[in-house]
Amino acid sequence: MSIRGVYQLMRLDLKYCDHSGSSRHLRNFLENHLKTLREDWSHLDITTTVRRGRHPNVTGTYRSGRQKTVDLKNKEEKQNFYLTTMEITL
C-alpha cells in the first residue's frame, strides 16, 4: 500500500529453520517464489534468515517504524504466499 506514491512497507524478513518440519512449506515457497517476489516488489528489502530450532515467521517493517509479525508455522505454500503478500502489506 502506498500513500502519495510512497510505499509504506520497507522491509520483509522471512525467518525459518533449515531442518524443522514446521518450516518445510516456507522453504518450498522460498525455493519456488522468492525470485519472483523480489522482482515484483523491487522496492522492498527482502531478507531470509535461518534460525535453527525456531518456528517460521515473516516480519514487515514500515516507514513509521512499526513492525508486524505473522506466524507461518505449518502453513502451506499457498497460505505462505497469501500471508506474505496480503497480511503484511495491509
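One-based numbering along the sequence shown.
The CG atom of N57 sits 13.5 Å away from the NZ atom of K68 when rounded to the nearest 0.5 Å. Taken from OH in Y16 to CG in L30, the straight-line distance is 6.0 Å, to the nearest 0.5 Å. The structure places OG1 of T59 at 8.5 Å from CG of L14, a figure rounded to the nearest 0.5 Å. Here the CZ-OG1 distance, from R54 to T49, works out to 12.0 Å after rounding to the nearest 0.5 Å. Taking CD of Q67 as the reference point, atom OG1 of T61 lies at 4.0 Å (rounded to 0.5 Å).
At least one side-chain heavy atom of V6 sits under 4.5 Å from a side-chain heavy atom of R63. For the pair T36/R38, no side-chain contact is recorded, criterion being any heavy-atom separation below 4.5 Å from C-beta on. Looking at heavy atoms from C-beta onward, V58 lies out of side-chain contact with K15 at the 4.5 angstrom threshold. H25 has its side chain out of reach of K75: every pair of non-hydrogen atoms, C-beta onward, lies at least 4.5 Å apart.
S22 meets the side-chain contact (heavy atoms from CB on, under 4.5 Å) test with S20, H55, P56, K73, N74; sequence neighbours excluded. For the side-chain contact (heavy atoms from CB on, under 4.5 Å) test, residues two or more places apart in sequence or in another chain that qualify with S64 are Y62, R66.
In the hydrophobic cluster analysis, where Ile, Leu, Val, Met, Phe, Trp and Tyr join through side-chain heavy atoms closer than 4.5 angstrom, L26 is grouped together with V50. L34 and F29 fall within a single hydrophobic cluster, where Ile, Leu, Val, Met, Phe, Trp and Tyr are joined by side-chain heavy atoms under 4.5 Å apart, directly or via other members.
Sorted by first then second residue, the salt bridge (Lys or Arg N to Asp or Glu O under 4.0 Å) pairs that include residues 39-53, not counting sequence neighbours, are R11-D45, D18-R52.
Defined by atom type and a distance below 3.5 Å, a donor-acceptor pair is present between the side-chain atoms of T47 and D13.
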